[in-house]
Amino acid sequence: MAGLIRSAAQRTLFSSYSATSKALINGLHCQSRNAISTFPFQSSPYSTDTITKSPFEANILRILRNEIEYQIEYAPPHQPATKFNSYTVEDQPGKQLMIMKAKYGEIEDIEIKVSMVDAVEVVPKPGDDSTGENVRLHISLLVCISKENYSDAIECWCSAWPDSLVIHKLYVRTSDNKRPSLYKGPHFGSVCEKLQKVFRRYLEARGVNDELCVFLHEYMINKDRIELITWLGKIKSLVEK
(Lines give C-alpha, C1' and ligand atoms only; values in the text may rest on other atoms or scores of the structure.)
Protein backbone atom coordinates (compact mmCIF):
# COMPACT_ATOMS: atom_id res chain seq x y z
CA MET A 1 0.00 0.00 0.00
CA ALA A 2 2.87 2.34 0.76
CA GLY A 3 4.07 2.06 -2.83
CA LEU A 4 0.57 2.79 -4.05
CA ILE A 5 0.39 5.97 -2.00
CA ARG A 6 3.87 7.13 -3.02
CA SER A 7 2.96 6.82 -6.69
CA ALA A 8 -0.44 8.48 -6.34
CA ALA A 9 0.62 11.83 -7.72
CA GLN A 10 1.77 10.17 -10.93
CA ARG A 11 -1.56 8.57 -11.78
CA THR A 12 -5.11 9.72 -12.31
CA LEU A 13 -7.72 8.11 -10.12
CA PHE A 14 -9.89 6.35 -12.65
CA SER A 15 -7.07 5.04 -14.83
CA SER A 16 -5.49 3.44 -11.77
CA TYR A 17 -8.47 1.47 -10.58
CA SER A 18 -10.49 0.83 -13.74
CA ALA A 19 -8.87 -2.56 -14.44
CA THR A 20 -9.34 -3.77 -10.86
CA SER A 21 -12.92 -2.56 -10.77
CA LYS A 22 -13.77 -4.31 -14.06
CA ALA A 23 -12.25 -7.54 -12.79
CA LEU A 24 -14.29 -7.25 -9.61
CA ILE A 25 -17.49 -6.69 -11.59
CA ASN A 26 -16.80 -9.59 -13.90
CA GLY A 27 -16.39 -12.12 -11.16
CA LEU A 28 -15.13 -11.07 -8.81
CA HIS A 29 -4.76 -0.37 8.74
CA CYS A 30 -5.62 0.52 12.38
CA GLN A 31 -3.56 -0.92 15.27
CA SER A 32 -5.25 -3.18 17.83
CA ARG A 33 -4.49 -4.60 21.24
CA ASN A 34 -5.69 -7.97 20.00
CA ALA A 35 -2.67 -8.30 17.73
CA ILE A 36 -1.98 -11.50 15.86
CA SER A 37 0.91 -12.94 17.85
CA THR A 38 1.91 -15.73 15.49
CA PHE A 39 1.84 -16.56 11.79
CA PRO A 40 2.46 -20.02 10.32
CA PHE A 41 6.05 -19.19 9.44
CA GLN A 42 6.90 -17.80 12.88
CA SER A 43 6.77 -20.98 14.91
CA SER A 44 10.45 -21.78 14.34
CA PRO A 45 12.07 -18.77 12.69
CA TYR A 46 15.57 -20.12 13.10
CA SER A 47 14.82 -23.78 12.48
CA THR A 48 16.96 -23.90 9.32
CA ASP A 49 20.07 -22.42 10.90
CA THR A 50 21.64 -25.90 10.93
CA ILE A 51 21.46 -25.97 7.13
CA THR A 52 24.51 -24.41 5.54
CA LYS A 53 23.61 -21.30 3.58
CA SER A 54 25.79 -19.11 1.43
CA PRO A 55 26.62 -15.69 2.89
CA PHE A 56 24.30 -14.13 0.30
CA GLU A 57 21.34 -16.34 1.26
CA ALA A 58 22.05 -15.87 4.96
CA ASN A 59 21.95 -12.13 4.46
CA ILE A 60 18.62 -12.35 2.64
CA LEU A 61 17.15 -14.42 5.49
CA ARG A 62 18.45 -11.97 8.08
CA ILE A 63 16.86 -9.04 6.24
CA LEU A 64 13.56 -10.90 5.83
CA ARG A 65 13.45 -11.83 9.54
CA ASN A 66 14.18 -8.26 10.54
CA GLU A 67 11.49 -6.94 8.20
CA ILE A 68 8.89 -9.41 9.51
CA GLU A 69 9.69 -8.48 13.10
CA TYR A 70 9.56 -4.78 12.26
CA GLN A 71 6.19 -5.06 10.50
CA ILE A 72 4.66 -7.01 13.40
CA GLU A 73 5.99 -4.60 16.04
CA TYR A 74 5.34 -1.40 14.06
CA ALA A 75 1.63 -1.98 13.43
CA PRO A 76 0.56 -5.45 14.59
CA PRO A 77 -2.54 -6.64 12.72
CA HIS A 78 -5.50 -8.02 14.62
CA GLN A 79 -7.77 -10.92 13.86
CA PRO A 80 -10.10 -9.93 11.00
CA ALA A 81 -13.70 -9.21 11.93
CA THR A 82 -16.17 -11.96 11.09
CA LYS A 83 -19.34 -9.88 11.46
CA PHE A 84 -20.48 -6.35 10.74
CA ASN A 85 -24.02 -5.44 11.77
CA SER A 86 -26.24 -8.01 9.99
CA TYR A 87 -23.46 -9.18 7.66
CA THR A 88 -21.14 -12.13 7.99
CA VAL A 89 -17.62 -11.34 6.80
CA GLU A 90 -15.64 -13.99 4.90
CA ASP A 91 -11.98 -13.17 4.48
CA GLN A 92 -10.18 -14.62 1.46
CA PRO A 93 -6.60 -15.19 2.69
CA GLY A 94 -4.05 -14.62 -0.02
CA LYS A 95 -6.58 -12.87 -2.25
CA GLN A 96 -7.25 -9.19 -2.83
CA LEU A 97 -10.88 -9.33 -1.77
CA MET A 98 -13.31 -10.38 0.93
CA ILE A 99 -17.00 -11.27 0.80
CA MET A 100 -19.89 -10.13 2.98
CA LYS A 101 -23.30 -11.82 3.11
CA ALA A 102 -26.64 -11.03 4.73
CA LYS A 103 -30.35 -11.68 4.45
CA TYR A 104 -32.93 -8.94 4.19
CA GLY A 105 -36.42 -10.01 5.04
CA GLU A 106 -37.39 -13.61 4.38
CA ILE A 107 -36.47 -14.07 0.72
CA GLU A 108 -33.75 -11.56 -0.11
CA ASP A 109 -30.03 -12.38 -0.13
CA ILE A 110 -27.28 -9.77 -0.27
CA GLU A 111 -23.69 -10.49 -1.25
CA ILE A 112 -20.96 -7.84 -1.36
CA LYS A 113 -17.60 -8.52 -2.99
CA VAL A 114 -15.02 -6.03 -1.76
CA SER A 115 -11.58 -5.32 -3.20
CA MET A 116 -8.55 -4.33 -1.16
CA VAL A 117 -7.44 -0.71 -1.57
CA ASP A 118 -7.09 -0.34 -5.34
CA ALA A 119 -6.44 3.38 -5.87
CA VAL A 120 -5.83 6.69 -4.19
CA GLU A 121 -6.97 10.23 -4.84
CA VAL A 122 -4.66 13.14 -4.11
CA VAL A 123 -6.51 16.07 -2.52
CA PRO A 124 -5.28 19.42 -1.17
CA LYS A 125 -4.81 19.70 2.58
CA PRO A 126 -7.50 21.78 4.26
CA GLY A 127 -6.53 25.19 5.59
CA ASP A 128 -4.28 27.97 4.41
CA ASP A 129 -1.38 25.73 3.36
CA SER A 130 -2.33 25.11 -0.27
CA THR A 131 0.99 23.38 -1.01
CA GLY A 132 0.26 20.32 1.12
CA GLU A 133 -1.52 17.19 -0.06
CA ASN A 134 -3.54 14.39 1.47
CA VAL A 135 -4.54 11.08 -0.07
CA ARG A 136 -7.92 9.35 0.06
CA LEU A 137 -7.91 5.58 -0.31
CA HIS A 138 -10.40 3.93 -2.67
CA ILE A 139 -12.08 0.53 -2.40
CA SER A 140 -14.32 -1.08 -5.06
CA LEU A 141 -17.35 -3.13 -4.13
CA LEU A 142 -19.96 -5.06 -6.06
CA VAL A 143 -23.32 -5.46 -4.35
CA CYS A 144 -25.58 -8.28 -5.52
CA ILE A 145 -29.21 -8.39 -4.33
CA SER A 146 -31.13 -11.53 -5.26
CA LYS A 147 -34.43 -13.13 -4.28
CA GLU A 148 -35.37 -16.75 -3.80
CA ASN A 149 -37.01 -18.47 -6.76
CA TYR A 150 -36.10 -15.60 -9.05
CA SER A 151 -33.21 -15.94 -11.49
CA ASP A 152 -32.52 -12.24 -12.09
CA ALA A 153 -30.69 -10.05 -9.58
CA ILE A 154 -29.66 -6.44 -9.08
CA GLU A 155 -25.94 -5.73 -9.15
CA CYS A 156 -24.52 -2.40 -8.10
CA TRP A 157 -20.93 -1.26 -8.61
CA CYS A 158 -19.84 1.26 -5.99
CA SER A 159 -16.82 3.15 -4.69
CA ALA A 160 -16.17 3.12 -0.95
CA TRP A 161 -14.25 6.22 0.13
CA PRO A 162 -13.18 6.55 3.77
CA ASP A 163 -16.38 8.34 4.74
CA SER A 164 -18.81 8.02 1.83
CA LEU A 165 -20.32 5.64 -0.70
CA VAL A 166 -20.57 6.50 -4.40
CA ILE A 167 -22.79 4.47 -6.75
CA HIS A 168 -21.52 4.13 -10.32
CA LYS A 169 -23.62 1.54 -12.14
CA LEU A 170 -26.73 -0.57 -11.72
CA TYR A 171 -27.04 -3.87 -13.55
CA VAL A 172 -29.72 -6.49 -13.94
CA ARG A 173 -27.89 -9.80 -13.78
CA THR A 174 -29.53 -12.49 -15.88
CA SER A 175 -28.53 -15.81 -17.40
CA ASP A 176 -27.84 -13.89 -20.63
CA ASN A 177 -25.25 -11.57 -19.09
CA LYS A 178 -22.47 -13.03 -21.25
CA ARG A 179 -24.06 -11.69 -24.42
CA PRO A 180 -21.99 -8.65 -25.55
CA SER A 181 -25.07 -6.87 -26.86
CA LEU A 182 -26.90 -6.96 -23.54
CA TYR A 183 -27.90 -3.47 -22.39
CA LYS A 184 -26.47 -2.83 -18.93
CA GLY A 185 -28.04 0.50 -18.13
CA PRO A 186 -26.74 4.06 -17.97
CA HIS A 187 -24.19 5.50 -15.58
CA PHE A 188 -25.95 5.97 -12.27
CA GLY A 189 -25.17 9.69 -12.15
CA SER A 190 -27.04 10.26 -15.40
CA VAL A 191 -30.43 8.92 -14.27
CA CYS A 192 -33.03 11.25 -12.77
CA GLU A 193 -32.22 12.65 -9.34
CA LYS A 194 -35.34 11.20 -7.74
CA LEU A 195 -34.36 7.68 -8.80
CA GLN A 196 -30.84 8.23 -7.46
CA LYS A 197 -32.17 9.30 -4.05
CA VAL A 198 -34.66 6.44 -3.86
CA PHE A 199 -32.08 3.81 -4.76
CA ARG A 200 -29.58 5.22 -2.25
CA ARG A 201 -32.25 4.76 0.42
CA TYR A 202 -32.87 1.26 -0.94
CA LEU A 203 -29.21 0.36 -0.37
CA GLU A 204 -29.03 2.18 2.97
CA ALA A 205 -31.93 0.09 4.26
CA ARG A 206 -29.79 -2.97 3.49
CA GLY A 207 -26.75 -1.62 5.32
CA VAL A 208 -24.86 -0.43 2.23
CA ASN A 209 -24.04 3.06 3.44
CA ASP A 210 -21.36 5.41 4.75
CA GLU A 211 -20.99 3.40 7.96
CA LEU A 212 -20.09 0.36 5.87
CA CYS A 213 -17.38 2.40 4.12
CA VAL A 214 -15.73 3.24 7.45
CA PHE A 215 -15.72 -0.46 8.38
CA LEU A 216 -14.34 -1.53 4.99
CA HIS A 217 -11.39 0.85 5.19
CA GLU A 218 -10.48 -0.30 8.69
CA TYR A 219 -10.84 -3.93 7.61
CA MET A 220 -8.77 -3.61 4.44
CA ILE A 221 -5.96 -1.66 6.09
CA ASN A 222 -5.67 -4.50 8.60
CA LYS A 223 -5.90 -7.12 5.83
CA ASP A 224 -3.11 -5.33 3.97
CA ARG A 225 -0.88 -5.78 7.04
CA ILE A 226 -1.74 -9.46 7.35
CA GLU A 227 -1.14 -10.17 3.66
CA LEU A 228 2.19 -8.32 3.69
CA ILE A 229 3.52 -10.22 6.70
CA THR A 230 2.29 -13.54 5.31
CA TRP A 231 3.91 -12.79 1.94
CA LEU A 232 7.24 -11.97 3.61
CA GLY A 233 7.02 -15.25 5.52
CA LYS A 234 6.43 -17.25 2.33
CA ILE A 235 9.43 -15.63 0.65
CA LYS A 236 11.55 -16.42 3.71
CA SER A 237 10.40 -20.07 3.72
CA LEU A 238 11.26 -20.48 0.05
CA VAL A 239 14.76 -19.06 0.56
CA GLU A 240 15.27 -21.38 3.54
CA LYS A 241 14.46 -24.56 1.58
Quick one: [atom1] on [X] to [atom2] on [Y], what's the gap to the nearest 0.5 Å?
{"X": "Arg62", "Y": "Asn66", "atom1": "CZ", "atom2": "CG", "result": "6.0 Å"}
{"X": "Leu97", "Y": "Leu142", "atom1": "CG", "atom2": "CG", "result": "11.0 Å"}
{"X": "Phe84", "Y": "Ile112", "atom1": "CZ", "atom2": "CD1", "result": "9.0 Å"}
{"X": "Trp157", "Y": "His187", "atom1": "CH2", "atom2": "NE2", "result": "6.5 Å"}

What I want to check is whether the side chains of Asp118 and Ser140 have a donor and an acceptor closer together than 3.5 Å.
yes
Looking just at side-chain N and O atoms, do Asn222 and Arg225 make a donor-acceptor pair shorter than 3.5 Å?
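There is no such pair between these side chains.
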Close side-chain approach of [X] to [Y], heavy-atom, < 4.5 Å:
{"X": "Arg136", "Y": "Asp163", "value": "yes"}
{"X": "Ile145", "Y": "Leu203", "value": "yes"}
{"X": "Cys158", "Y": "His168", "value": "no"}
{"X": "Ile229", "Y": "Ile72", "value": "yes"}

For a side-chain contact (heavy atoms from CB on, under 4.5 Å) check, start with the C-alpha distance between Ile139 and Val114, then their side-chain angles and the critical distance, and finish with the verdict.
CA-CA 7 Å; Ile139 292 172; Val114 188; 3.5 Å; yes
Write down the atom of [X], the atom of [Y], and the distance for their closest heavy-atom approach.
{"X": "Val239", "Y": "Glu57", "answer": "CG1-O, 4.3 Å"}
{"X": "Leu137", "Y": "His217", "answer": "O-CE1, 2.9 Å"}
{"X": "Ala160", "Y": "Leu216", "answer": "CB-CD1, 4.2 Å"}
{"X": "Lys113", "Y": "Glu111", "answer": "CE-OE1, 3.4 Å"}
{"X": "Ile226", "Y": "His78", "answer": "CD1-O, 3.7 Å"}
{"X": "Gly207", "Y": "Leu212", "answer": "O-CB, 3.6 Å"}

Is it true that Lys197 and Glu204 make a salt bridge, defined as a side-chain N closer than 4.0 Å to a carboxylate O?
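No, Lys197 and Glu204 are not salt-bridged.
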Could you tell me whether Arg65 and Glu69 make a salt bridge, using a distance below 4.0 angstrom between a side-chain N and a carboxylate O?
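Judged by the 4.0 Å cut-off on N to carboxylate O distance, Arg65 and Glu69 do not form a salt bridge.
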Pick from Leu170, Leu141, Val208: which one makes a side-chain contact (heavy atoms from CB on, under 4.5 Å) with Cys156?
Leu170
As a test of understanding, state which of Val89, Asn85, Ile110 forms a side-chain contact (heavy atoms from CB on, under 4.5 Å) with Met100.
Val89
Atom [atom1] of [X]: over 12 foreign heavy atoms under 6.0 Å:
{"X": "Gln71", "atom1": "CD", "value": "yes"}
{"X": "Lys147", "atom1": "NZ", "value": "no"}
{"X": "Lys101", "atom1": "NZ", "value": "no"}
{"X": "Lys83", "atom1": "NZ", "value": "yes"}

Once the angle between the rings of Tyr219 and Phe215 is folded into 0 to 90°, is it parallel (under 30°), tilted (30 to 60°) or perpendicular (over 60°)?
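If you compare the ring of Tyr219 with that of Phe215, the planes turn out tilted.
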Students often mix this up, so state it plainly: with edges at 30° and 60°, are the rings of His138 and Trp161 parallel, tilted or perpendicular?
perpendicular
Is there a donor-acceptor pair closer than 3.5 Å between any side-chain N or O of [X] and the backbone N or O of [Y]?
{"X": "Glu121", "Y": "Val135", "result": "no"}
{"X": "Gln92", "Y": "Glu90", "result": "yes"}
{"X": "Ser237", "Y": "Gly233", "result": "yes"}
{"X": "Glu155", "Y": "Arg173", "result": "no"}
{"X": "Ser164", "Y": "Asp210", "result": "no"}
{"X": "Glu148", "Y": "Glu108", "result": "no"}

Honestly curious: do [X] and [Y] fall in one hydrophobic cluster under the side-chain, below-4.5 Å linking rule?
{"X": "Ile63", "Y": "Leu228", "result": "no"}
{"X": "Phe56", "Y": "Leu64", "result": "yes"}
{"X": "Ile107", "Y": "Val143", "result": "no"}
{"X": "Val214", "Y": "Met220", "result": "no"}

For Phe199 together with Tyr202, are the ring centres under 6.0 Å from each other?
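Yes - the distance between ring centres of Tyr202 and Phe199 falls below the 6.0 Å cut-off.
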